[in-house]
Structures are given as C-alpha cells and as structure tokens.
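One structure is given here, and the rest of the page talks about it.
Just so you know, ligand 1 is whichever comes first in the structure, and atom 1 is the first atom listed for that ligand. Given the structure is predicted, the values throughout are model-derived calculations rather than measurements.
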Amino acid sequence: MAAAATSNKLSDSDSNITKSSSGANTIATNEVPYPHIFQPLDLGHTQLKNRIVMGSMHTGLEDRFYNYGKLAAYFAERAKGGVAMMITGGISPNREGWLIPAGGTMNSRVDVINHQRLTRAVHRHDSKIIMQILHSGRYGYHPFVVSASAFKSPISPFKPRQMSISNIESTIEDYARCASLAKQAGYDGVEIMGSEGYLLNQFLSRHVNQRKDEYGGDIHGRMKFPVAIVKAVREAVGEDFIIVFRLSMIDLVKDGNVMDEVITVAKALEEAGVSILNTGIGWHEARVPTIVTSVPRAAFVDYTAEVKKHVSIPVMAANRINMPNTAETILSSGQADLIQMARPFLADPDWVNKAKTGQSDLINTCIACNQACLDHTFENKRSTCLVNPRACYETELTYKPAKKVKNVAVIGGGVAGMSAATVAAKRGHKVTLYEAKDILGGQFNYAKVIPGKEEFFETTRYYLNELNHQGVTIRLNTKVTKEMLDEANYDHVVIATGVVPRSLEGKLEGADNPKVISYADLLSGEQEVGETVAVIGAGGIGFDVSEYLTARHGQTLHELGPETLKDPSYRPEPQSVSEWKQEWGVDDNAIYQTDGGLTKPEKIIPSRRVYLLQRRADRLGKDLNKTTGWVHRAHIKSHGVLQMPGVTYDKVTNEGLWVTTPQGQSQLLRVDTIVVCAGQESVNDLMPAVTDLKGKAVKQKTTQYHIIGGAKLAAELDAKRAIRDGAELAAKI
Ligand code: NAP
Ligand code: SF4
C-alpha cells in the first residue's frame, strides 16, 4: 500500500507545555506543569490534595439503588484519575424536593448502606466525595412542588405551593438530618445547592420570592432560610465535615440579585459555617447560555473573583473551564482557590493525572456539546459523553487487553474511525488507519470552523495525539480499494468511510448551476460565497452554516484561505468574553448593579443576507437538541437570518432560487449562492456484499469486515453514535 505522511503531535489549545525544535511537545520530568493546580488546600480538619473538584452531575444512576454498583465504578474511575474531591448528583432532603418522582434519597439506614458503596470506592483512591443536597423547589417534575412564592416556573408544568413557616422549619430539619445521614454513609461533606434557580435560589431572589413575612422582603429576609439551613447542618455534622454552598454569582433572570446582595449572602454563609463557596451561574430558566460550547472559556470568573474579595473561606470557580491552563490561570491570578469542572470528567476521568504528568495534550476535552450528558438527563436517559462513551458505562464498556493480537485496518479517519483505531490499539491490536484526505478528523474539521464551535478542534487534537500515543500507523492521502484490502489480508477491516453531503442534482432543476454548493464546499473554504445566500435544509448543519455565514467574530476560511483547514493544528479564534456578553446582554461589570446582571443585548447588523429554508411547515430548529437548540434559534434570530418554513423548491436559475411559499405564491430569492444542507448519504462501497444479486450468501474470506458510523447509517448521523460505534466494535474484536 502507498505510504503517506504520518501526523505530528498536537498541543492542546491552551497548553503551557513547551515545544521542542522538532515540534514535539516536551516537558522536563522534574517540572510540576501546573504548580497552582497541584498545591494542596488545607481546610483545617482535612486537606484537599489539589485544587480540582469534580462538580455535581445528575447521571441518572443515582435515582435507582440497583444502579449504585455502576455509580460506584463511575466515581472510582475518576478518583483513580487524581481528582481531589467529587460532588455527587443532587439528593433531595425530602419528597417535596424531588427533581423527578422517586428520585435519589438519603432518608434511612438503607440509603446509608447504599451510599457507602460510593464513599468506600472513592476513599480507596485517596480522593474525597461529598453529597449534594438539592431541593428542586418549583423546578420539580411532580405535583408536590413548593417554592418561596406560588409562581410557576417556565420549565416545569407544575405550579408550586408557597411554603408555610412550619414547612420551612421542617425543611431545615430535613436538610440537617440528610447531612447527618450523609456523614454516617462516609461522605466527607455535603454541598448545599443554592444556585441555578433551585429552591434556595428561589428564596434568595426577588424573581420568585415575593413573600411578605420574615423569609421575604430585602436580602436579609430572603437569605434567612438558606442561612438557617447552613447553621442547622453545621450543628448536626460538627466541625470535621465539609460544607460547600453553591451560590448564584449572577442570576441572569429578571429581578435577580445585584452583586452587593450576592456578597451579603456570601458573608452570612461564611458566618453560618460554610467551608467552601462554590459558583453557580444563571438559573435554568435564564435566556442566556451559561455552559454551552459557544460560551467562551471562563466567561464568568470575574463574578467569583469579586465575591472572593469579601470572604476568607476558599472560593471555587466554575462554568466553561475545561483545560488545565485555564484552571491554572484562574488560580495563579488569585481569582479563585479551587476549580470545579463537571462534564470534563465525563469526557476524561484521567484529566488530573494527565495534567500532572505533563500529558495535557492527551486530555480528551469536553467540547460542551451537552449531547450525551445534559440532553440525556432531560430525556430521562442515563448520561454518558459524546467523546467518551464509557462514561457512566464503566462496568459495561470495557477495554480489556486483547487475548490474541490481530491485524486491524480502519478505513476512514473521521471520529468513528479514530475512535475504533484508538480503542483497538489500546487493547493491543496492530492497527493501521487509512484516510483518503491529507487530514484526519472528517466532519469535525467542518464543525470546528463554525463560530462558537471552536472546541471541536480539541477532539481532533485528542485523537491525533492518542493515535500516535497508542502506536497506530496512520496513512493519509490513501484511497483504499477492494484490491488493496484483498491483498493485505487483514484479520479485521473496519469500514468507517463516513458520508458525503446529499446532492440535489437530478432532484432540483438547475442544481448543477455554479451558484449551488454543498456545506462541505463552503466549510472547507473551497468555494466562494456571495453577499446573499439561500441555505437549503434547516437541520443542525443548516443552522451551523447560517451561523457561519453571519458570524461577526474571527476570520472565516475565505479570509484565511482553504489551505488553513488542512493544517491539523489550526484552531479558529473563539469570540472574546466581552463581545459575547454584549451580544447576550450580560453585565460585564463584576460589581454589577443591574438586576440579575442583565443588560440590553446589543443590536446586531447582519453581515450577509441569509435565507434559511425547509420544506416542513414546522418552526425552524424544532428538532435541535433540547439544551442547545434554543441557543442556535436565538442566534440566527439575533443575526437577522430570514427563516422560511413550508417552502417548495422549484428551480435554480442564474437569478437565484425559485420557491413556492406556503401560501402558494412563486417567489424568487435573488441570491448569489445556494448552500445545500440536505443531509448526507453513506459511503460504503468497500463493504463486501453479504448476499449476491440472487440473495445467496456470499462466502466470506478470512478477513472479517465491520461497518460503523455514517458509513453504516447516514440518517440522523451524529458524532455521538459514530464514536460509540467505533468504541463498542473495537472493545469486542
Ligand atoms: P438533518 O438534520 O437530517 O437535516 C437535513 C435537512 O435537509 C432535513 O431537515 C430536511 O428538511 C432537508 N432535506 C432532506 N432531504 C432533502 C432534499 N432532497 N431536498 C431538500 N431538502 C432536503 O441533517 P444535517 O443538518 O445534515 O445534520 C446531520 C446530523 O448532524 C443530524 O443528526 C444533526 O442532528 C447533527 N448535527 C447537529 C447539530 C446541532 O445540534 N447543532 C449541528 C450539526 C449537525 P425538510 O425536508 O423539512 O426540508
Ligand atoms: Fe462534554 Fe459533550 Fe461529553 Fe457532555 S457529551 S461531557 S458536553 S463532550
């Protein structure tokens, strides 16, 4: 087979690791790469071994006791990976506080025994674990919901009952009892959830709390309930137990608190006995994104830093921190004492150990897509991770050393192929990865150039480094043929040849007009695009393309030149924090006086006239993912994209695109360019036929063929399935 260039090692986007003259990343063996991250923190009665805390995530495993074995394995893997402390998913102190009916509990001796499985598993690896106590208040999905005042939230169909004084008092006792039981179960502490719009945040803010009694009114009345809970918990658990309070540093909702009020609460919580203040950002109902991939890294750290100036207990920064250099910068500049990351530990349980040993370029970075974690939670499915399908499946998807080393060829260097190749090589197989183009990454190379999706670069960087690390032979610029495969006689051939964009030629008159290009032509920078554009197809890619065409930040590939995309180390510049805040109406002043930190979003003058079209009469973007779709819909609206559902495409002429509107009128869209985003078709021609033309089984050769990802099924192709397909197959061969 033709030999081709192998790929060089890539450094992560914010690595502080130096490059040698040969281009490889190097680090002196006696150097501590991130000195502030790896400085222990003394809490008086105990120490945290470093400054990294895994934040609370609802995985879905905590709600059913029979899943606690799986949950223990999930925590143990991350404890082994070096994290100093972990916070469990939310456990309600009582029935009213359930997030979902019959959610996880800590009410009885049986609960204590179940939770001991988790604490023991973590302590075996010299890490700490604390249990989050979360009362959902009006965010609960059940009829017993309560709140500060009887106002329904926009994200739950159930109207809450206003808590009576006796209900408040019994709830304070429930928190204290729950914390005592957590201590009996071996937890090192508890986190009291007071942010993201849950019950205690509902009390703290005028957005919900309209009470006229002692638990309402000014901030001193509104904070009375949370402060009383902290006092009761401290009294119940004694001094040798960590109490973290997650405080909303900026509410991002109408009538939310101002910074002075946040500081008043922080000081009172310290006084009441809190050991660590954690950061919460925005309520779940806020119309400002706080954790999705388009939020710039560390966008909210200034608010945490402001609160830190007013308390003497350690303060933890959170939200959109995913790589060591960002964490180190925050710690070294004194903006926070600890860093909380949640999803990055789904993506890579070994994040801390990799940072410690100078291997941050091998971190499998969380790209903040939400597709397999938060979106699953909202669909009542077990969480996992798009880039790490083992997350929450630690006991089910295992990468055991292969009993017999096999010769494996993987054809196609997109994420499905790279996933299969890395896992197969990790298990000890001899793997060769073939790619027809001169760069690995497939569709992710298009995704990373979409404004707000720059993080997707990290996945291709991770795979490229991991392939090298695992000793996979990489053959770029190699178009594999059936004859080549026959001749090479591999034990296993994995067809991961992916997809091509669906062409409308033969389906739409004039589709061969030079005005018509595919999204791949556009996002590879290979075709020019005019000032007025029609985008055919409003799926995920139609939205992405519309955002790319109307972007205001960064340079487009057309400015940089198509050669840029062929450089695997090219990472597009993300939007600056201040520009992003202006766009979304977030007060940039750390001592914000505006309610909830909200300002008027900046009016955006569209840079191009873009029409986004679909044949279905539904609202555009209706089927986009639950936790991110609204951000994309808001983005194209604010960037002036003209949305046209329910159209029929009639023809393309030199004048533009002719459509029939839902009202039956023929309309010409005078556009320079038409970008087709009409889905994909599988490329699977290397897969041998299982049956001949008469339906008779074809005798198979010694080589076993497998097909994965988009090559297997193009419809509803997503990276989550592609990466999982690759990993599951490679775990078995
Ligand atoms: P898609 O979601 O299937 O959307 C393609 C759209 O093209 C369809 O909604 C369809 O809309 C239209 N279409 C299909 N055949 C057509 C034809 N013959 N003529 C004209 N229009 C046609 O595919 P995609 O946008 O390419 O995305 C691929 C996958 O990647 C999807 O699973 C998507 O979820 C995922 N993805 C997600 C995101 C995100 O969440 N932001 C971003 C990128 C990709 P009508 O029939 O109604 O016109
Ligand atoms: Fe991060 Fe996406 Fe994985 Fe969730 S699914 S942990 S957001 S990479």
N/O separation below 3.5 Å, [X] to ligand 1:
X: Arg616; value: yes
X: Ile536; value: no
X: Ile541; value: yes
X: Gln680; value: yes

Which option out of Gly539, Ala617, Gly540 puts a heavy atom nearest to atom 38 (C) of ligand 1?
Gly540
Part of [X] within contact of ligand 1 (heavy atoms, under 4.0 Å):
X: Thr628; result: neither
X: Tyr649; result: side chain
X: Cys677; result: backbone

Heteroatom count (protein N, O or S) under 2.8 Å of atom 3 (Fe) of ligand 2:
1
Distance only, no hydrogens: is a donor on one side chain within 3.5 Å (strictly under) of an acceptor on the other, for Glu547 and His632?
yes
Does at least one non-hydrogen atom of Lys453 fall below 4.0 angstrom from an atom of ligand 1?
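Yes, Lys453 has heavy atoms under 4.0 Å from ligand 1.
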Report, in ascending order of atom number, the atoms of ligand 2 lying under 4.0 Å from any heavy atom of Ala368.
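Going through ligand 2 atom by atom, the ones under 4.0 Å from Ala368 are 1 (Fe), 7 (S).
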Which atoms of ligand 1 have any heavy atom of [X] under 4.0 Å away?
X: His632; result: 41 (N)
X: Gly679; result: 5 (C), 23 (O), 26 (O)
X: Gly537; result: 7 (O)
X: Leu504; result: 17 (C), 18 (N), 19 (N)

Knowing that exactly one of Glu455, Glu458, Arg343 qualifies, which makes a side-chain hydrogen bond (donor to acceptor under 3.5 Å, both in side chains) with Asn322?
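In the set Glu455, Glu458, Arg343, the residue that makes a side-chain hydrogen bond (donor to acceptor under 3.5 Å, both in side chains) with Asn322 is Glu455.
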